[in-house]
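Along the sequence shown, the residues carry numbers beginning at 1. In each ligand, atom 1 is the first atom listed, and ligand 1 is the first ligand listed. All values reported here derive from a predicted model rather than from experimental measurement.
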Amino acid sequence: MTDTIDTGTLTAWITRFRDAVTEKREWLTELDSAIGDADHGANMARGMAAVADKLGGVAPGTVDELLKGVGMTLVSSVGGASGPLYGTFFLRMGMTAGTVTELDATALAAALRAGLDGIVARGKAEAGDKTMFDAMAPAVDALDAAIAGGASMADAARTAAEAASAGRDATLPLVARKGRASYLGERSTGHLDPGAASTAILFETLATTIAERT
Ligand code: ADP
Ligand code: MG
């Protein structure tokens, strides 16, 4: 058996992410009410509901078609900063994946890396700015390292999910330097970054979906 993720499994990941951000909507909004404008849960739930509507009933085509569709829907349906940022993530991921129907571990890592680079190109976040970058960068680095060490896709994705949640937790003491939370200056310390929290969910759902893939 080859160790790949196909469009069906990627669609299952997107659906699972939709379910998880919908379930954790109140918590994400609560995090954003401390250092932002209390809409991150609503933004993610609305954006992913629009994505799921668009995917509903449509047979998954190529990986780039699927992910570019997800990205474009997020850009157009979410008003907050997170819409264009997650939108760019999925668009770049799709562009890098290309017109294929499945990805091996190396191709998946390359696509996720391109998505991360897209977020940086758009939002200019650096490590320690207290943004989604602080959960995503360690996750992508951990995925690369696990794959280079010969791990299976499922084990590598699990390692990446753990790195993302550690990265989320590490945003707690940080002072925000990007986005709305940066307006608070020093007062942003002592709170988790909402975008880092949703990014940890993104990688957690990826790991679970890959572990359960058929
Ligand atoms: P808004 O800030 O417009 O209300 P959301 O509340 O949906 O949008 O999303 C806020 C999250 O977006 C933050 O917690 C942070 O993780 C992320 N974010 C904001 N600005 C940037 C940026 N320049 N680069 C990376 N992530 C950012
Ligand atoms: Mg907000």
Side-chain angles (χ1 to χ4, degrees), residues 14 17-52 67 70-93 111-142 160-161 163-206:
I14 303 299
F17 182 53
R18 186 272 318 260
D19 291 346
V21 293
T22 305
E23 193 198 319
K24 297 201 159 75
R25 177 194 175 122
E26 301 303 322
W27 176 60
L28 293 171
T29 286
E30 206 179 293
L31 295 177
D32 198 31
S33 72
I35 59 169
D37 57 353
D39 65 356
H40 189 57
N43 284 342
M44 295 308 295
R46 185 176 60 253
M48 292 310 296
V51 165
L67 296 176
V70 172
M72 273 152 35
T73 305
L74 288 175
V75 170
S76 62
S77 62
V78 180
S82 57
L85 290 165
Y86 274 110
T88 303
F89 169 79
F90 283 109
L91 282 167
R92 293 287 187 98
M93 221 192 141
L112 289 165
R113 169 75 60 192
L116 170 66
D117 290 347
I119 286 180
V120 172
R122 184 122 200 174
K124 311 276 180 281
E126 292 172 22
D129 281 352
K130 197 179 181 101
T131 70
M132 56 177 73
F133 177 92
D134 292 319
M136 195 179 290
V140 173
D141 288 347
S165 53
R168 171 203 62 209
D169 292 346
T171 65
L172 189 82
L174 297 175
V175 172
R177 289 190 296 245
K178 286 283 177 329
R180 234 172 243 289
S182 66
Y183 309 156
L184 288 184
E186 298 289 331
R187 280 181 296 133
S188 62
T189 191
H191 304 281
L192 291 179
D193 177 62
S198 58
T199 291
I201 297 172
L202 183 72
F203 281 87
E204 179 58 40
T205 54
L206 179 65

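- Taking all heavy atoms of Thr199, Val120, Asp37, Thr29 into account, the minimum distance to atom 4 (O) of ligand 1 is reached by Asp37.
- Counting only heavy atoms from C-beta outward, the side chains of Met48 and Thr73 never approach each other to under 4.5 Å.
- Looking from atom 14 (O) of ligand 1 to the surrounding protein, the closest heavy atom is Asp193 OD1, 2.6 Å.
- Taking every heavy atom of Asp39 and a limit of under 4.0 angstrom, the matching atoms of ligand 1 come to 4 (O), 5 (P), 6 (O).
- Contact between Ala197 and Leu28 at its shortest, heavy atoms only, is CB-CD2, 3.8 Å.
- Take Asp39 and apply the side-chain hydrogen bond (donor to acceptor under 3.5 Å, both in side chains) test, not counting sequence neighbours, and it matches Asn43.
- Looking from atom 22 (C) of ligand 1 to the surrounding protein, the closest heavy atom is Gly123 O, 3.8 Å.
- Of all the heavy atoms in Gly79 and Arg46, the pair that sits closest is N-NH2, 3.8 Å.
- Counting the atoms of ligand 1 from 1 in the order shown, those under 4.0 Å from a heavy atom of Pro194 are 14 (O).
- Between Leu112 and Met93 the shortest side-chain heavy-atom distance falls below 4.5 Å.
- Residue Leu85 has no N or O atom closer than 3.5 Å to an N or O atom of ligand 1.
- Looking at Asp129 against ligand 1, nothing comes within 4.0 Å, counting heavy atoms.
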Name every donor-acceptor pair, under 3.5 Å, that has one atom in a side chain of residues 164-172 and the other anywhere in the protein, sequence neighbours excluded.
{"unit_1": "Ser165", "atom_1": "OG", "unit_2": "Ala161", "atom_2": "O", "d": "3.3"}
{"unit_1": "Ser165", "atom_1": "OG", "unit_2": "Glu162", "atom_2": "O", "d": "3.3"}
{"unit_1": "Thr171", "atom_1": "OG1", "unit_2": "Arg168", "atom_2": "O", "d": "2.6"}
{"unit_1": "Thr171", "atom_1": "OG1", "unit_2": "Asp193", "atom_2": "N", "d": "3.0"}

Criterion side chain to side chain contact (heavy atoms under 4.5 Å, CB included) on Leu116 and Met132, from CA distance to verdict: CA-CA 10 Å; Leu116 170 66; Met132 56 177 73; over 6 Å; no
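- Of the N or O atoms in Gly80, none lie within a sub-3.5 Å distance of an N or O in ligand 1.
- At the top of the distance list for atom 3 (O) of ligand 1, counting protein heavy atoms only, stands Ala81 N, 2.7 Å.
- By the 4.5 Å heavy-atom criterion applied to side chains, Leu202 and Phe89 are counted as neighbours.
- The nearest protein atom to atom 12 (O) of ligand 1, hydrogens excluded, is given as Met132 CE, 3.9 Å; this is a heavy-atom distance.
- Contact annotation: Gly36 has no heavy atom less than 4.0 Å from any atom of ligand 1.
- Nearest to atom 2 (O) of ligand 1 among the protein's heavy atoms is Arg180 NE, 3.6 Å.
- With hydrogens and angles disregarded, no donor-acceptor distance shorter than 3.5 Å links the side chain of Thr199 to the backbone of Ala135.
- At a threshold of 4.5 Å between non-hydrogen side-chain atoms, the residues Phe17 and Met44 count as touching.
- Considering backbone and side-chain atoms together, Phe133 places no N or O closer than 3.5 Å to any N or O of ligand 1.
- Of all protein atoms, those of element N, O or S that lie under 2.8 Å from the Mg ion (ligand 2) number 3.
- Nearest non-hydrogen protein atom to atom 20 (N) of ligand 1 is Gly179 CA, 3.5 Å.
- In this structure, the side chains of Phe203 and Val140 come closer than 4.5 Å at one or more pairs of heavy atoms.
- The protein atom (non-hydrogen) at minimum distance from atom 7 (O) of ligand 1 is Ser82 OG, 2.6 Å.
- Within the listing of ligand 1, atoms 5 (P), 7 (O), 8 (O) sit less than 4.0 angstrom from a heavy atom of Asn43.
- Which of Lys124, Lys130, His40 comes nearest to atom 5 (P) of ligand 1 through a heavy atom is settled by distance: it is His40.
- The aromatic rings of Tyr86 and His40 sit parallel, their planes meeting at an angle under 30°, below the 60° perpendicular limit.
- For ligand 1, the atoms lying closer than 4.0 Å to a non-hydrogen atom of Gly195 are 13 (C), 14 (O), 16 (O).
- Considering every non-hydrogen atom in both Thr88 and Gly118, the closest pair reads CG2-O, 3.5 Å.
- You'll find the side chain of Ile14 reaches within 4.5 Å of the side chain of Phe90, heavy atoms only.
- Within the structure, side chain to side chain donor-acceptor pair (under 3.5 Å) pairs that include any residue of residues 23-33 do not occur (at least two apart or interchain).
- Polar contact with ligand 1: absent for Ala125 (N/O pair, distance under 3.5 Å).
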